[in-house]
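Only one structure is covered here, and it is reproduced in the block below.
None of these values were measured; they are calculated from a predicted model. Numbering of residues begins at 1 and proceeds along the displayed sequence.
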Amino acid sequence: MHKSIIAWLAVLLLCGGCAKRDAQRLTLTGSSTIAPLAQALASQFEQLHPGVKVDVQAGGSSRGVADARSGLAQIGMVSRALRADESDLSAFTIARDGIAIIVQRDNPVRQLSRAQIIGLYTGQLRDWSAVGGGAHAVTVVNKAEGRSTLELFLHHFDLKASAIRADVVIGENQQGIKTVAGNAGAIGYVSIGTAEYEAAHGGAIKLLPMDGVVASTPSVRDGSFPLARPLNLVTRPQPTGLSKQFIDFAMSRAAHDAIVKEYFVPIAGN
């Protein structure tokens with residue numbers, strides 16, 4: 001009996017230690033646009049809180065919503081405003097971003113009208129010569145279902161997903177950028193922040209203006225870019241403990257440099 005009691009106490013102590021370690025883990029899942037920024041913030045947060053481990057996983061904004069709801073993640077990453085049917089979640093905006101149309105760097109086309117973008121994506125225009133470019137077949141790069149970038153693109157251009165004639169379907173922004181950079185006839189749309197960063201660091205892409213407004217971080221900052229969005233961290237229920245500490249940190253002045261470094265626009269007051 002004595003040995004049994006000792007063994008039982010040992011199990012309790014072991015489980016207590018596990019619970020303590022689990023309490024020091026924070027998981028964020030969702031938007032691939034937010035993920036690199038969240039990872040940078042996680043590294044800073046871990047330095048400020050020894051013993052804390054922050055795990056950041058991408059997978060799309062829909063995953064962020066689903067995982068925050070189910071409890072698979074304490075925090076979801078959602079690169080759009082919450083919808084009416086997501087009112088059970090609380091959203092905390094940490095930055096703003098835009099969505100840019102990108103083409104291969106050597107593509108002679110410098111701008112596209114709204115009608116031309118719609119024509120290219122719906123298959124009505126299949127050669128770049130139809131929009132002032134060279135005689136080259138168009139490769140339409142589209143975002144996968146569940147990505148907030150796709151939802152916002154469709155909404156802005158008043159399109160249905162079934163109308164898109166995609167040649168390539170991509171998930172994360174980096175995949176889209178790599179695809180467009182390696183294909184002279186490709187057209188895609190990705191985060192302005194990510195695209196600006198890649199273009200500034202040698203990526204073979206070019207950001208096209210939209211509605212006559214330059215696709216840039218300053219355009220998002222001053223509110224002139226027509227396709228902008230909030231970058232949100234979401235929770236269910238209201239955040240407490242480690243989740244609240246991380247969100248407070250991400251919304252504080254301490255996160256400003258990381259946000260700017262990722263070519264996003266800090267929220268007002270940062």
Side-chain angles (χ1 to χ4, degrees), residues 19 22-46 48-49 52-99 143 145-156 172-173 191-194 220-221 223 227-260 262 264-270:
D22 288 343
Q24 296 303 307
R25 289 188 67 88
L26 185 64
T27 301
L28 288 76
T29 68
S31 166
S32 62
T33 296
I34 301 176
L37 170 59
Q39 188 60 66
L41 294 175
S43 296
Q44 291 180 246
F45 189 77
E46 288 173 348
L48 295 171
H49 299 81
V52 170
K53 174 62 178 176
V54 182
D55 181 25
V56 178
Q57 303 173 22
S61 292
S62 292
R63 180 187 178 186
V65 168
D67 286 357
R69 276 177 164 164
S70 68
L72 288 176
Q74 292 100 318
I75 299 174
M77 301 178 291
V78 181
S79 51
R80 57 168 173 76
L82 291 181
R83 298 191 294 255
D85 62 355
E86 295 167 342
S87 59
D88 57 315
L89 298 172
S90 298
F92 303 88
T93 302
I94 60 172
R96 289 189 63 78
D97 183 33
I99 297 172
K143 280 276 191 171
E145 291 289 338
R147 303 285 175 163
S148 65
T149 311
L150 169 64
E151 294 179 33
L152 294 167
F153 177 85
L154 294 175
H155 181 266
H156 181 78
E172 298 185 1
N173 289 305
S191 155
I192 281 182
T194 307
V220 175
R221 182 180 295 111
L227 190 45
R229 58 181 173 175
L231 303 184
N232 289 319
L233 300 181
V234 305
T235 65
R236 180 188 183 194
Q238 285 285 331
T240 59
L242 205 57
S243 297
K244 186 177 188 305
Q245 291 178 48
F246 183 85
I247 290 171
D248 287 346
F249 171 73
M251 295 178 68
S252 74
R253 176 71 190 184
H256 184 281
D257 289 347
I259 291 169
V260 172
E262 292 293 334
F264 297 130
V265 176
I267 58 172
N270 262 13

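- To the nearest 0.5 angstrom, Leu233 atom CG is 12.5 Å from Gln74 atom CD.
- Contact record, Ala255 with Leu41: CB-CD2, 3.6 Å, taken as the closest heavy-atom pair.
- Between Ala68 and Leu89, the shortest heavy-atom contact is CB-CD2, 4.2 Å.
- The closest side-chain donor-acceptor pair between Ser79 and Ser148 falls under 3.5 angstrom.
- Interatomic distance, CG of Asp248 versus NZ of Lys244, reported as 3.5 Å (0.5 Å rounding).
- In this structure a side-chain-to-backbone donor-acceptor pair under 3.5 Å is missing from Ser243 to Pro239.
- Distance alone, capped at 3.5 Å, is enough to place a donor-acceptor pair between the Ser191 side chain and the Gly193 backbone.
- Residues forming a ring pair (Phe, Tyr, Trp, His ring centres under 6.0 Å) with Phe153 (at least two apart in sequence, or on another chain): Tyr121, Phe157, Tyr189.
- Here the side chains of Asn173 and Ser32 are in contact, with some heavy-atom distance below 4.5 Å.
- Minimum heavy-atom separation, Pro266 to Val260: CG-CG2, 3.8 Å.
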Next item on the list: Step by step, work out the side chain to side chain contact (heavy atoms under 4.5 Å, CB included) result for Met251 and Ile267.
Entry: CA-CA 8 Å; Met251 295 178 68; Ile267 58 172; 4.2 Å; yes
Checklist line | Verdict with supporting geometry, Leu82 and Val234, side chain to side chain contact (heavy atoms under 4.5 Å, CB included) | finding: CA-CA 9 Å; Leu82 291 181; Val234 305; 4.0 Å; yes
Check: Would Val56 and Met77 satisfy side chain to side chain contact (heavy atoms under 4.5 Å, CB included), going step by step from the backbone distance to the final call?
Finding: CA-CA 9 Å; Val56 178; Met77 301 178 291; 3.9 Å; yes
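- Judged purely by distance below 3.5 Å, without hydrogens or angles, the side chains of Asp97 and Thr33 never pair a donor atom with an acceptor atom.
- Salt bridge Glu151/Arg229: absent, no basic N to carboxylate O contact under 4.0 Å.
- The two atoms that bring Phe92 and Gln238 nearest to each other are CZ-OE1, 3.9 Å, heavy atoms only.
- Arg63 places a side-chain N or O within donor-acceptor distance of the main-chain N or O of Ala58, the cut-off being under 3.5 Å.
- Taking CD of Glu262 as the start and CG of Asp257 as the end, the distance is 12.0 Å to the nearest 0.5 Å.
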Margin query: Would Arg80 and Glu86 count as a salt bridge (charged side-chain N to carboxylate O under 4.0 Å, His left out) here? Give the steps.
Written below: CA-CA 12 Å; Arg80 57 168 173 76; Glu86 295 167 342; 2.9 Å; yes
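- Here the closest heavy-atom approach between residue Ser62 and residue Gly146 is recorded as OG-O, 3.1 Å.
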Next item on the list: Assess whether salt bridge (charged side-chain N to carboxylate O under 4.0 Å, His left out) is satisfied between Lys143 and Glu172, documenting all intermediate values.
Entry: CA-CA 8 Å; Lys143 280 276 191 171; Glu172 298 185 1; over 6 Å; no
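- Of all heavy-atom pairs spanning Ile259 and Ala250, the tightest one is CD1-O, 4.2 Å.
- When side chains are defined from C-beta on, Lys53 does not count as touching Gln24, because their heavy atoms never get closer than 4.5 Å.
- Considering CD1 of Ile75 and CG of Leu28, their distance stands at 4.5 Å, rounded to 0.5 Å.
- With a 6.0 Å radius and a threshold of 12 heavy atoms from other residues, nucleotides or ligands, Glu46 has its CD atom above the threshold.
- Ser70 places none of its side-chain heavy atoms less than 4.5 Å from the side chain of Arg236.
- Among the candidates Asn232, Leu37, Ile247, the single residue satisfying the side-chain contact (heavy atoms from CB on, under 4.5 Å) test with Ile94 is Leu37.
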Margin query: Working note: Ile192 + Val220, criterion side chain to side chain contact (heavy atoms under 4.5 Å, CB included); need CA distance, chi angles, decisive distance, verdict.
Written below: CA-CA 9 Å; Ile192 281 182; Val220 175; 3.9 Å; yes
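- Between the CD atom in Gln39 and the CG atom in Asp55 there is a gap of 8.0 Å [rounded to 0.5 Å].
- A tilted orientation is assigned to the rings of Phe45 and Phe249, their planes being inclined by 30° to 60°.
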